[in-house]
Number of protein chains: 2
Amino acid sequence: MAFHTATSLKNELHERGWRLTPQRETILQIFQNLPNGNHLSADDLHQVLQDQGERISLSTIYRTLKLMARMGILRELELAEGHKHYEMNQPYPHHHHHLICVRCNRTIEFKSDTVLRTGAKTAKKEGFHLLDCQLTIHALCPACKDFLPV
Amino acid sequence: MAFHTATSLKNELHERGWRLTPQRETILQIFQNLPNGNHLSADDLHQVLQDQGERISLSTIYRTLKLMARMGILRELELAEGHKHYEMNQPYPHHHHHLICVRCNRTIEFKSDTVLRTGAKTAKKEGFHLLDCQLTIHALCPACKDFLPV
DNA sequence: TTGACTGCAAAATCTTTGCACCCTT
DNA sequence: AAGGGTGCAAAGATTTTGCAGTCAA
């Protein structure tokens with residue numbers, strides 16, 4: 001989970017015979033400039049790009065998001081809203097987890113070194129190459145506690 | 001995250017003005033009898049029911065799965081296969097997490113008391129009512145390491 | 001008896017894919 | 001020049017929803 005720049009992205013792609021296209025570079029840039037803790041869905045990203053005057057197709061966006069998630073550059077978040085969200089996969093001091101209200105989707109970020117350590121240890125023990133490790137807590141927030149379950 | 005029986009399900013439903021229907025009871029039973037560590041998608045569940053001669057519609061299945069997840073009876077798993085899976089939300093000694101290969105979806109279960117404790121502590125600190133807490137590790141398994149990223 | 005629940009079918013969402021053309025390497 | 005990448009449109013997959021009839025309480 002190292003920090004990625006256009007150059008490191010290029011190198012990693014080339015190692016595998018893939019290419020660095022303007023689209024991929026632009027998308028990486030969007031995520032790099034995203035304020036800490038923000039995340040985008042495929043459609044959000046499409047909007048942001050449109051607003052910047054960039055015309056990248058949704059297909060390419062989906063393909064790129066999946067690619068970068070599999071490379072460990074982005075992390076795929078399931079914030080229980082029917083679609084995935086993505087954010088930069090930041091290394092240690094910024095790495096965080098999510099507490100989510102299953103009713104109103106209110107989300108709180110929190111950090112945990114021990115969880116991060118558990119993730120790394122487990123992946124290593126099984127011989128897996130770690131990409132991302134996220135603790136997701138599903139719960140009911142104070143405002144929704146009494147409305148269970150709908 | 002307590003163990004649920006038809007009776008406790010009935011009581012919890014009644015507390016909120018909901019009802020215990022044969023469909024809900026049957027679905028709960030399926031999950032109770034599911035071998036530890038197994039999980040079902042909405043469609044899997046539909047198949048299992050068909051095989052048992054039960055005719056419960058997919059709509060009802062989706063509605064029931066969501067309901068039981070929000071009640072904390074089932075846990076919703078994102079095993080990166082384009083659809084959700086569900087399993088009983090078992091309390092402490094059986095509670096587990098998942099290590100998943102993002103390429104082939106090979107999944108390994110593991111337990112962690114410290115992670116569970118972190119989840120409980122975090123929810124409490126924020127005043128949330130805990131439903132489920134899962135550490136999901138995305139990684140590349142030994143067999144897929146070298147095929148990154150497609 | 002009441003209104004929550006179910007089943008059905010249609011609709012809505014989100015995501016993937018085939019194909020012709022483009023462009024990085 | 002080769003073949004990976006993109007855009008478009010169409011297809012796929014999963015999940016949700018409106019509605020009329022059903023049934024738990």
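Worth saying up front: this structure is predicted, and the values here are computed from it rather than measured. Convention: sequence-line order gives letters A, B, ...; per-chain numbering from 1.
- In this model, the phosphate group of dG5(D) is not approached by any side-chain N or O of T60(A) to a distance below 4.0 Å at OP1 or OP2.
- When rounded to the nearest whole Å, the span between CZ of R16(A) and P of dG5(D) equals 14 Å.
- Between the CD atom of E25(B) and the C1' atom of dC5(C) there is a distance of 15 Å, rounded to whole Å.
- The phosphate of dC23(D) (OP1 or OP2) has no side-chain N or O of Q23(B) nearer than 4.0 angstrom.
- Between K84(B) and P22(B), the residue whose closest nucleotide on DNA chain D is further toward the 5' end is K84(B).
- Of the side-chain N and O atoms in K66(B), one or more sit less than 4.0 angstrom from OP1 or OP2 of dT16(D).
- The two residues L79(B) and N105(B) come nearest to each other via the heavy atoms O-OD1, 3.5 Å.
- Side-chain atoms of K111(B) come within 3.5 Å of backbone atoms of P93(B) as a donor-acceptor pair (strictly under, hydrogens ignored).
- Neither OP1 nor OP2 of dT13(C) sits under 4.0 Å from any side-chain N or O of H83(A).
- R24(B) is listed as a side-chain neighbour of T21(B), based on a closest heavy-atom distance under 4.5 Å.
- Residues E87(A) and H96(A) meet the side-chain proximity criterion, which asks for heavy atoms closer than 4.5 Å.
- In this structure, CG of L58(B) is placed 13 Å from C1' of dT6(C), rounded to the nearest angstrom.
- R63(B) comes within 4.0 angstrom of a base, heavy atoms only.
- When side chains are defined from C-beta on, S112(A) counts as touching H97(A), because their heavy atoms get closer than 4.5 Å.
- Rounded to a whole Å, the CH2 atom of W18(A) is 14 Å from the C1' atom of dA2(D).
- At the phosphate of dT25(C), OP1 or OP2 sits under 4.0 Å from a side-chain N or O atom of H14(A).
- As rounded to whole Å, 8 Å separates atom P of dC5(C) from atom CG of L67(B).
- The CZ atom of R24(A) sits 14 Å away from the C1' atom of dC22(C) (whole-angstrom rounding).
- Considering only the side chain of L20(A), dT25(C) comes nearest among dT25(C), dT15(D), dC8(C).
- Dashed line: the shortest gap from a side-chain N or O of S59(A) to OP1 or OP2 of dT17(C) is not under 4.0 Å.
- When each of dA25(D), dC8(C), dA2(D) is scored by its nearest atom to the side-chain atoms of R19(A), the top-ranked nucleotide is dA2(D).
- One atom, CG of L79(B), and another, P of dT14(D), lie 14 Å apart when rounded to the nearest Å.
- An OP1 or OP2 oxygen of dT15(D) is reached within less than 4.0 angstrom by a side-chain nitrogen or oxygen of Y62(B).
- Rounded to whole Å, the distance from CD1 on I56(A) to C1' on dC23(C) is 15 Å.
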